[in-house]
Amino acid sequence: NAGVTQTPKFQVLKTGQSMTLQCAQDMNHNSMYWYRQDPGMGLRLIYYSASEGTTDKGEVPNGYNVSRLNKREFSLRLESAAPSQTSVYFCASSASSGGSYEQYFGPGTRLTVT
Amino acid sequence: GQSLEQPSEVTAVEGAIVQINCTYQTSGFYGLSWYQQHDGGAPTFLSYNALDGLEETGRFSSFLSRSDSYGYLLLQELQMKDSASYFCAVSFNTGGFKTIFGAGTRLFVKA
């Protein structure tokens, strides 16, 4: 099992460019999440998908869109990148969105917007 | 809204015991989790408490007091490899389950 995989691992964008971060899990999990982590801060939830076919906003959704393509895949799109979106992005999955289910994290995507 | 507070840094000696506290404010509280993250790595799950009391998993234990909106992570027999950031995370249900993370506590273990 690969667990949670993310592509790309690193990305540099210019302001105004767009890109999609890809995430896939092979654990048959129902719920998937996108977080960003800035230096000295915890993980902030951008969007999540409690189950296939549903998505919902987290704490910091502005400037992002998501697509739950199927049960395995959950992508995050930046339509017009801004320097404030420079961060490390983590995708995670869990069996269910209920709090007792541990989240498994991917290795992260390090994004720099210049 | 929801908020969590935990100390930004803790330093301890190898072999010692350290406690990392977490206080939270949230409606629809469901449970408190702890995650460990080494520099450059991804967070990994350590423990989860939904009910009051102590949960023990090897050298790590986690405690919750729902009435005090307080929990802690206890690390015993500290090892150098325990140097990492530790995050508490609150799960709550306000029309849908969500989890929010604290800012993290950086633990330095000295020889």
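The structure presented is a predicted model; accordingly, all values stated were derived computationally and were not measured. The chains referred to below are lettered A, B, ... by the order of the sequence lines, with proteins before strands, and numbering in each begins at 1. Heavy-atom basis, side chains included; hydrogens, waters and symmetry copies ignored.
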Exam field: side chain [X] to backbone [Y], donor-acceptor pair closer than 3.5 Å:
X: B:D82; Y: B:Q79; result: yes
X: B:K98; Y: B:V90; result: no
X: B:Q37; Y: B:F87; result: no
X: A:S87; Y: A:Q37; result: yes

**OP:** May I ask you to test the B:L78-B:V13 pair for a side-chain heavy-atom distance under 4.5 Å?
**Re:**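 No; the side chains remain at least 4.5 Å from each other.
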
Subject >> Audit row: B:T99, B:S91, side chain to side chain donor-acceptor pair (under 3.5 Å) steps and yes/no >> reply: CA-CA 4 Å; B:T99 299; B:S91 298; 3.0 Å; yes

Subject >> Contact residues of residues 100-111 of chain B (partner chain A; heavy-atom separation under 4.5 angstrom) >> reply: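 Residues of residues 100-111 of chain B touching chain A at under 4.5 Å: B:I100, B:F101, B:G102, B:A103.
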
Original post:
Going by residue number, which parts of residues 103-114 of chain A are within reach of chain B, meaning a heavy-atom gap below 4.5 Å?
Top reply: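 Result: A:Q103, A:F105, A:G106, A:P107, A:R110.
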
Subject >> Toward chain B, the part of A:L43 with a non-hydrogen atom under 4.5 Å >> reply: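 The answer is both parts of A:L43.
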
Original post:
Do A:F90 and A:Y33 have their ring centres less than 6.0 Å from each other?
Top reply: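 No, ring centres 6.0 Å or more apart.
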
Subject >> Distance flag, aromatic centroids of B:F45 and B:Y35, threshold under 6.0 Å >> reply: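 Between B:F45 and B:Y35, which both carry aromatic rings, the centre distance is below 6.0 Å.
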
Subject >> Positive for ring pair (Phe, Tyr, Trp, His ring centres under 6.0 Å) with B:F29, one of B:Y24, B:F92, B:Y70 >> reply: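 Looking at B:Y24, B:F92, B:Y70, the match for B:F29 under the ring pair (Phe, Tyr, Trp, His ring centres under 6.0 Å) is B:Y24.
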
Original post:
For B:N21 and B:P7, which heavy atoms make the closest approach, and how far apart are they?
Top reply: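 Of all heavy-atom pairs spanning B:N21 and B:P7, the closest is O-CD, 3.3 Å.
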
